[in-house]
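Reviewing the structure listed below.
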Amino acid sequence: LRLPLPDGVRDAIRRRLQPLSPQAREALEVAAVAGRGFRVATLERAAGIPRAEMLERLDEALELHLLAEAPSQAGTFRFAHGLIRETLYNDLSAIRRARLHGAVGEALERAKTGPARAGLLELAHHFIEAAPAGDATRALDYAERAGHEALRSLAYEQAADLFDSALRVLDLTAEPDDKRRGELVLARGQAQMHAGEDAARDCLLEAVALAEQLCDSDLLGRAALSLGGFGLSPGIVDDKLVGVLEEALAAVDAGDSALR
């Protein structure tokens, strides 16, 4: 849990920002959304401002020692201190912050090659943050894809967080999809189980309940198998697990399927 900045620190940083022109301040707000380090090309695309004009705006911040050039990468800058970025970011209204995340996400999405190319995790972050004022469906797609990539990379806690974000974004879409909700709940439960989180069992039981509501035998079978992934304790009968496994066996195709 990140503690909020003390008022005295925030006020001191705001005083350092006061000499900036409104245009330079706007450029730094886009930069604050982009991250501690950022590329001019990203800001240029996100703000729709020509490169030369963007560099003039950033030059104001450089003169005030609010930014520093990254020595190893041309066209890349960093905030001189993380608290400067944090103050700028927190001073944004919720709607402007969401819109800027969407603009930065789209800018990164357009940079498909080269050093500015963004990974799934970065794109998911920006579109998830943009979802309340942007394209929730695109945010959902990125969150889900990034979650499965994190699972494959054995980053289980990160995967659980991404699937949790995907479920929140799902509620913002025009037509929430119960089938997709079941898949996301199952994926979150699997990630939580691998991460050793106590909430995993309840999450997988939620996936079982959703599968029952949807009469989805495939989802039910996979949820039952995941629920059984906690291992067996000698001498202890898990009646709930037995019941779920028997229900799943009765529901799946009677043929010789891999799931059965």
Side-chain angles (χ1 to χ4, degrees), residues 1-111 114-119 121-135 138-139 142 161 165 168-169 172:
L1 180 63
R2 185 73 180 269
L3 294 175
L5 280 179
D7 290 339
V9 174
R10 249 198 324 263
D11 291 341
I13 293 172
R14 285 171 181 152
R15 285 193 294 273
R16 287 190 63 187
L17 296 169
Q18 280 179 350
L20 290 170
S21 67
Q23 294 79 10
R25 170 80 184 225
E26 287 178 6
L28 281 191
E29 287 173 350
V30 182
V33 169
R36 174 79 187 272
F38 56 89
R39 294 181 60 82
V40 177
T42 303
L43 267 59
E44 178 187 356
R45 295 188 188 99
I49 295 170
R51 176 73 58 91
E53 185 178 341
M54 178 59 73
L55 287 171
E56 284 182 15
R57 296 184 181 192
L58 296 179
D59 193 49
E60 286 188 42
L62 285 167
E63 289 180 1
L64 292 170
H65 305 290
L66 299 169
L67 295 180
E69 290 188 76
S72 57
Q73 284 187 301
T76 301
F77 296 84
R78 293 182 63 82
F79 281 95
H81 197 289
L83 294 179
I84 297 172
R85 175 194 174 250
E86 191 172 336
T87 299
L88 282 161
Y89 187 85
N90 290 337
D91 281 350
L92 293 169
S93 70
I95 294 299
R96 177 159 169 74
R97 187 185 304 144
R99 286 174 177 166
L100 286 178
H101 271 293
V104 170
E106 289 175 2
L108 292 170
E109 196 176 46
R110 291 199 298 273
R117 182 182 180 184
L121 182 61
E122 187 177 6
L123 287 165
H125 164 69
H126 286 296
F127 285 116
I128 288 168
E129 293 298 324
D135 187 346
R138 179 157 54 171
Y142 273 118
D161 288 342
S165 295
R168 292 198 304 274
V169 171
L172 299 175

_Checking side-chain polar atoms at under 3.5 Å, does Ser165 have a donor or acceptor matched by the opposite partner on Arg168?_
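Yes, a side-chain donor-acceptor pair sits under 3.5 Å.
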
*Can a donor-acceptor pair be found between the side chains of Glu109 and Tyr142 at a distance below 3.5 Å?*
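Yes.
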
How long is the span from the [atom1] atom in [X] to the [atom2] atom in [Y], to the nearest 0.5 Å?
X	Y	atom1	atom2	result
Leu100	Leu43	CG	CG	10.0 Å
Leu83	Ile13	CG	CD1	5.0 Å
Arg85	Leu67	CZ	CG	12.5 Å
Glu86	Ile84	CD	CD1	11.5 Å
Leu17	Leu88	CG	CG	5.0 Å
Leu172	Asp135	CG	CG	11.0 Å

*asked:* Listing request: all side-chain hydrogen bond (donor to acceptor under 3.5 Å, both in side chains) pairs with a residue in residues 93-105, at least two apart in sequence or in separate chains.
replied: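 Only Glu29-Arg96, Tyr89-His101, His101-His126 qualify under side-chain hydrogen bond (donor to acceptor under 3.5 Å, both in side chains).
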
Side-chain contact, heavy-atom cut-off 4.5 Å: [X] with [Y]?
X	Y	answer
Val30	Glu26	no
Phe79	Leu28	yes
Ile49	Glu44	no

I need the minimum non-hydrogen distance between [X] and [Y], along with the two atoms involved.
X	Y	result
Pro132	Ile128	CD-O, 3.9 Å
Arg45	Ala111	NH1-CB, 3.8 Å
Val40	Met54	CG1-CG, 4.1 Å
Ala27	Leu58	CB-CD2, 4.4 Å
Arg51	Ala41	NH2-CB, 3.7 Å
Ala133	Ala98	CB-CB, 3.8 Å

*Residues which pass salt bridge (charged side-chain N to carboxylate O under 4.0 Å, His left out) with Glu129, listed by chain and number, not counting sequence neighbours*: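 Scan of Glu129 (salt bridge (charged side-chain N to carboxylate O under 4.0 Å, His left out), adjacent residues dropped) gives none.
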
*Start with the C-alpha gap between Arg14 and Thr87, add the side-chain angles, then the distance that decides, and say whether side chain to side chain contact (heavy atoms under 4.5 Å, CB included) holds.*
CA-CA 8 Å; Arg14 285 171 181 152; Thr87 299; 4.1 Å; yes

*Partners of Phe77 by ring-ring contact (aromatic ring centres under 6.0 Å, His included), sequence neighbours excluded?*
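Testing Phe77 for ring-ring contact (aromatic ring centres under 6.0 Å, His included), a comparison that skips the adjacent residues, returns none.
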
*For Arg78 and Phe38, indicate whether the former's side chain and the latter's backbone hold a donor-acceptor pair under 3.5 Å.*
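No.
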
Quick one: list whatever passes side chain to side chain contact (heavy atoms under 4.5 Å, CB included) with [X], sequence neighbours left out.
X	result
Gln23	Ser21, Arg57
His65	Arg16
Asp161	none

*What do the steps show when you test Arg10 against Asp91 for salt bridge (charged side-chain N to carboxylate O under 4.0 Å, His left out), and what is the final call?*
CA-CA 10 Å; Arg10 249 198 324 263; Asp91 281 350; 5.4 Å; no

